[in-house]
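I have placed the structure first, in the form of structure tokens, so that the comments after it can refer back to it.
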Amino acid sequence: MNSQELWVLDRLKSCKTITQLKQIHAFLIKTSPLRLRAPQLIYPKLISLCTTSSYSFGANLTYFRSILTNLENPHVILYNNAIKALSSAQNSSFSLEAVALFRAMLIKGLVPDNYTVPYVLKACAQSQALREGEQIHAHCIKTGMLLSIVYVKNTLMRLYAVCGVIKAVQKLFDGSPQRDLVSWTTLIQGYVKMGLLREGVATFFEMCDANLRADEMTLVIVLSACSKLGDLELGRKIHDYMLDNEVNSDVFVGNALVNMYLNCGDADFACKLFDEMPFRNVISWNSMISGLAHQGKFKESLDVFRKMQNIGLKPDDVTLVGVLNSCANLGVLELGKWVHAYIDKNRIKADGYIGNALVDMYAKCGSIDQAFRVFQGMKNRDVYSYTAIIVGLAMHGDAEKALSIFSEMPIVRIEPDEVTFIGVLSACSHAGLVAEGQKYFEEMSSVYNLIPQTEHYGCMVDLLGRAGLIYEAEEFIRNMPIEPDAFVWGALLGACRIHGKVELGESVMRKLLEVEPDRDGAYILMSNIYSSSNKWRDALKLRKAMKGKNMKKTPGCSSIELDGVVHEFRKGDKSHPKSKEIYKLLEDIMSQLKNYGHLAQY
DNA sequence: CTAGGGTTAG
């Protein structure tokens with residue numbers, strides 16, 4: 001090899017960009033005796049550049065393909081590398097390109113080996129290309145690969161699992177002579193992905209019975225199933241299994257454990273585990289932030305976010321969605337606005353999850369105009385975006401705008417779902433639009449194939465009841481195809497309160513107590529009905545009857561934000577450091593109100 | 001050069 005050739009090879013080694021690579025390529029063709037071997041020399045570097053750095057296949061696909069087709073007698077490995085590289089790209093068109101390469105090599109007479117097939121199947125799974133996957137499945141049956149290579153069978157199972165064809169996953173699993181840990185894990189994953197959580201966990205126990213020992217990956221999936229089930233007892237069982245079998249707790253497992261304990265309601269233990277984790281990543285923090293919010297511990301969730309800020313860990317979009325969710329539920333507009341500014345500053349696009357969370361946050365914090373602006377600024381709106389703004393507008397009493405936005409949905413071809421209709425019906429209810437509400441309720445099933453849930457029946461009872469159509473509301477409940485629950489009876493009792501229906505109220509209260517005997521809501525509403533009809537004696541009797549029972553009280557709770565700190569107040573709560581002064585001020589206000597002739601209502 | 005892992009809204 002002469003010095004010029006060595007120089008070229010050296011250049012190739014240190015080449016860092018596609019542009020440089022193309023220059024070397026041009027040089028090779030024009031002046032080097034190596035020109036015939038140019039594709040062979042360029043090709044590996046091109047693959048590695050496309051896979052290791054930010055150079056996307058998208059921009060270089062044509063170049064990439066031209067090199068590959070110019071290779072003389074390309075070895076299967078070259079195709080394998082290309083397919084592997086394409087299969088790890090995010091873009092689904094690259095996955096189809098991987099399938100195209102697979103076809104091309106078959107046409108060239110090359111025989112795909114036990115590496116090619118898992119790669120191309122991975123590409124299919126990534127883009128959920130079920131049709132293409134099925135064709136490759138057929139190829140594997142014909143060549144006998146399916147039976148002889150466990151990798152092939154497992155990646156095929158994975159393809160069907162991500163496409164939601166759980167029956168095909170199970171069939172492959174059942175028909176397989178050798179099942180390793182990956183086969184079992186993929187089967188479990190298939191069930192969990194489909195929401196068949198119990199089946200997934202049952203499969204895990206079957207696996208244990210088959211004397212296979214689970215590793216970290218399997219357990220992460222099983223823990224996430226327990227988390228979604230909210231079954232603490234089951235979750236603890238899995239945790240015990242891990243301790244018994246000395247499963248190594250890496251950051252994935254740690255996160256899954258924290259998440260499981262949070263979603264199953266043991267927040268204290270979750271915090272303890274979180275604190276003890278030797279290594280935490282952004283997902284650990286996200287798990288805490290959204291998990292605490294899931295448990296209604298919004299203030300604690302924001303405290304965790306603040307700690308995350310203090311250690312200087314950069315939040316990602318999942319963090320921000322969680323924080324916005326907590327802001328929305330606490331009404332903490334200031335922090336919500338800060339998140340919005342942060343999003344703008346970091347050029348995160350306010351679309352998808354983030355946009356929807358922003359709309360919801362502004363709506364729940366009372367800035368409906370700002371919510372609307374964000375909604376309008378979103379490029380990609382989905383059913384969640386529409387529902388957030390419709391529910392928000394309904395909450396703010398702007399039924400007209402809520403319904404007008406709802407009427408846009410068919411034009412942009414977004415199907416409303418059950419929650420959208422909660423917004424639509426409550427908009428009608430608050431505006432007294434009885435006929436419209438009835439029309440929408442009817443359309444829910446006749447046009448959109450949605451089955452009304454008790455919440456929707458509750459909205460309808462509220463709609464009729466508020467409008468004073470108490471008899472119609474009762475009739476509506478009698479004709480319900482499902483058993484009325486607390487939602488429905490509560491709505492009717494509320495209507496009795498507004499319209500001073502004492503006798504009906506008494507019978508509705510009994511119904512409400514039948515379905516929800518241990519909550520105080522029915523008593524409170526009824527005692528309010530008595531009080532507002534000046535039946536003080538009855539109100540007092542009811543309060544006394546309540547005291548004798550051990551009722552679950554829905555605690556009155558409010559919060560304010562001051563200089564970035566959330567202060568939370570519960571009924572009878574004296575834990576705030578300035579509690580004495582606060583109560584003193586409240587008393588002052590009450591006595592001043594009295595002086596102005598205001599009578600406390602309850 | 002092979003397969004299976006965690007967090008996300010109304």
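Since the structure is predicted, the reported quantities are computational estimates derived from the model, not experimental observations.
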**Prompt:** For A:Ile221, which contact category applies under a 4.0 Å heavy-atom criterion: base, sugar-phosphate, or nothing?
**Reply:** sugar-phosphate

**Asked** Charged N to carboxylate O under 4.0 angstrom, A:Lys349 versus A:Asp344?
**Response** no

**Message:** Let's see if you can work this out: which of B:dT7, B:dA3, B:dT8 has an atom nearest to the side-chain heavy atoms of A:Ile283?
**Reply:** B:dT7

**Distance in angstrom units between A:Ile136 CD1 and B:dA3 C1', rounded** = 15 Å

**Message:** What is the separation between atom CG on A:Asp317 and atom P on B:dT7, rounded to the nearest whole Å?
**Reply:** 14 Å

**Request:** Grab the CG-C1' distance between A:Asn286 and B:dA9 for me, whole Å please.
**Result:** 14 Å

**Flag for A:Gln309-A:Arg306: side-chain donor and acceptor within less than 3.5 Å** = no

**Prompt:** Reckon A:Val359 touches a base, only the sugar-phosphate, or nothing at all at heavy-atom distances under 4.0 Å?
**Reply:** nothing

**Asked** Does any donor atom in the side chain of A:Lys122 or A:Ser87 lie under 3.5 Å from an acceptor atom in the other side chain?
**Response** no

**Message:** Can you tell me which nucleotide in B:dC1, B:dA9, B:dG10 comes closest to the side chain of A:Thr387?
**Reply:** B:dG10

**Asked** Do A:Asp215 side-chain and B:dG5 base share a donor-acceptor contact under 3.5 Å?
**Response** no

**Prompt:** When the aromatic ring centroids of A:Phe274 and A:Trp285 are compared, is their separation below 6.0 Å?
**Reply:** yes

**Request:** Consider the side chain of A:Tyr115, meaning its heavy atoms from C-beta on, and name the nucleotide among B:dC1, B:dG5, B:dA9 that approaches it most closely.
**Result:** B:dC1

**Request:** Using atom CD1 of A:Ile343 as one end and atom P of B:dT8 as the other, report the distance to the nearest whole Å.
**Result:** 18 Å

**Spacing of A:Arg381 atom CZ relative to B:dG10 atom C1', expressed in whole Å** = 15 Å

**Asked** For the side chain of A:Thr186, counting heavy atoms from C-beta on, which of B:dG4, B:dC1, B:dT7 is nearest?
**Response** B:dG4

**Request:** Answer with base, sugar-phosphate or nothing: what part of the nucleic acid does A:Leu181 contact at a heavy-atom distance below 4.0 Å?
**Result:** base

**Message:** Can you list, in residue-number order, the parts of residues 407-419 of chain A that come under 4.0 Å of DNA chain B, counting heavy atoms only?
**Reply:** A:Asp417, A:Val419

**Asked** With a non-hydrogen cut-off below 4.0 angstrom, is A:Gln189 in contact with a base, only sugar-phosphate, or nothing?
**Response** sugar-phosphate

**Message:** Classify the ring geometry of A:Phe102 against A:His139: parallel below 30°, tilted from 30° to 60°, perpendicular beyond 60°.
**Reply:** perpendicular

**Message:** Regarding A:Asn281, tell me which of base, sugar-phosphate or nothing describes its non-hydrogen contacts under 4.0 Å with the strands shown.
**Reply:** base

**Message:** Heavy atoms only, 4.0 Å cut-off, all strands: where does A:Thr319 land among base, sugar-phosphate and nothing?
**Reply:** nothing

**Item:** Among B:dT7, B:dG5, B:dA9, the nucleotide that comes nearest once only the side chain of A:Asn259 is considered
**Value:** B:dT7

**Asked** Heavy atoms under 4.0 Å, any strand shown: does A:Val258 hit a base, just sugar-phosphate, or nothing?
**Response** nothing

**Request:** For A:Tyr353 and B:dT8, say yes or no: do the ring centres fall under 5.5 Å of each other while the ring planes differ by less than 30°?
**Result:** yes

**Asked** Can you tell me if the side-chain N/O atoms of A:Arg158 get under 4.0 Å from OP1 or OP2 in B:dA3?
**Response** no

**NZ/NE/NH1/NH2 to OD/OE distance under 4.0 Å, A:Asp369 and A:Arg373** = no

**Asked** Touch check for A:Val253, heavy atoms < 4.0 angstrom, all strands: base, sugar-phosphate only, or nothing?
**Response** base

**Asked** May A:Tyr384 be described as stacking on the base of B:dG10, applying a 5.5 Å centroid limit and a 30° limit on plane angle?
**Response** no

**Request:** Give one of base, sugar-phosphate or nothing for A:Asn80, where a contact means two heavy atoms less than 4.0 Å apart.
**Result:** base

**Prompt:** Which nucleotide in the list B:dT7, B:dA9, B:dG4 gets nearest to the side chain of A:Met217?
**Reply:** B:dG4

**Message:** Applying a 4.0 Å non-hydrogen cut-off, can you work out what A:Lys193 is touching in the nucleic acid: base, sugar-phosphate, or nothing?
**Reply:** nothing

**Message:** Using a distance-only criterion (donor-acceptor N/O pair, under 3.5 Å, no hydrogens), is the base of B:dG4 paired with the side chain of A:Thr185?
**Reply:** yes

**Request:** Using a heavy-atom cut-off of under 4.0 Å over every strand shown, decide if A:Asn114 touches base, sugar-phosphate, or nothing.
**Result:** base

**Request:** May I have the distance from A:Trp285 (atom CH2) to B:dT8 (atom P), rounded to whole angstrom?
**Result:** 17 Å

**Item:** Lys/Arg N to Asp/Glu carboxylate O, A:Asp351 vs A:Arg381, below 4.0 Å
**Value:** no

**Asked** side chain to side chain donor-acceptor pair (under 3.5 Å): which pairs involve residues 157-172 of chain A, sequence neighbours left out?
**Response** A:His137-A:Tyr160, A:Gln170-A:Asp174, A:Gln170-A:Tyr191

**Prompt:** Using a cut-off of 4.0 Å on non-hydrogen atoms, how would the nucleic acid contact of A:Thr420 be classed: base, sugar-phosphate, or nothing?
**Reply:** base

**Nearest-Å distance for atom pair CG/P, residues A:Leu292 and B:dT7** = 16 Å

**Request:** Remember a base hit wins even if backbone is also touched, and classify A:Tyr386 as base, sugar-phosphate or nothing at under 4.0 Å, heavy atoms.
**Result:** nothing

**Message:** Distance check needed: B:dT2 C1' versus A:Tyr151 OH, whole Å only.
**Reply:** 6 Å

**Request:** Walk me through it: do A:Tyr440 and A:Phe406 pass the test ring pair (Phe, Tyr, Trp, His ring centres under 6.0 Å)?
**Result:** CA-CA 11 Å; A:Tyr440 288 123; A:Phe406 177 68; 5.5 Å; yes

**Request:** For A:Phe204 and A:Tyr241, run ring pair (Phe, Tyr, Trp, His ring centres under 6.0 Å): C-alpha distance rounded to whole Å, both residues' side-chain angles, the deciding distance at 0.1 Å, then the answer.
**Result:** CA-CA 11 Å; A:Phe204 168 74; A:Tyr241 173 94; 5.3 Å; yes

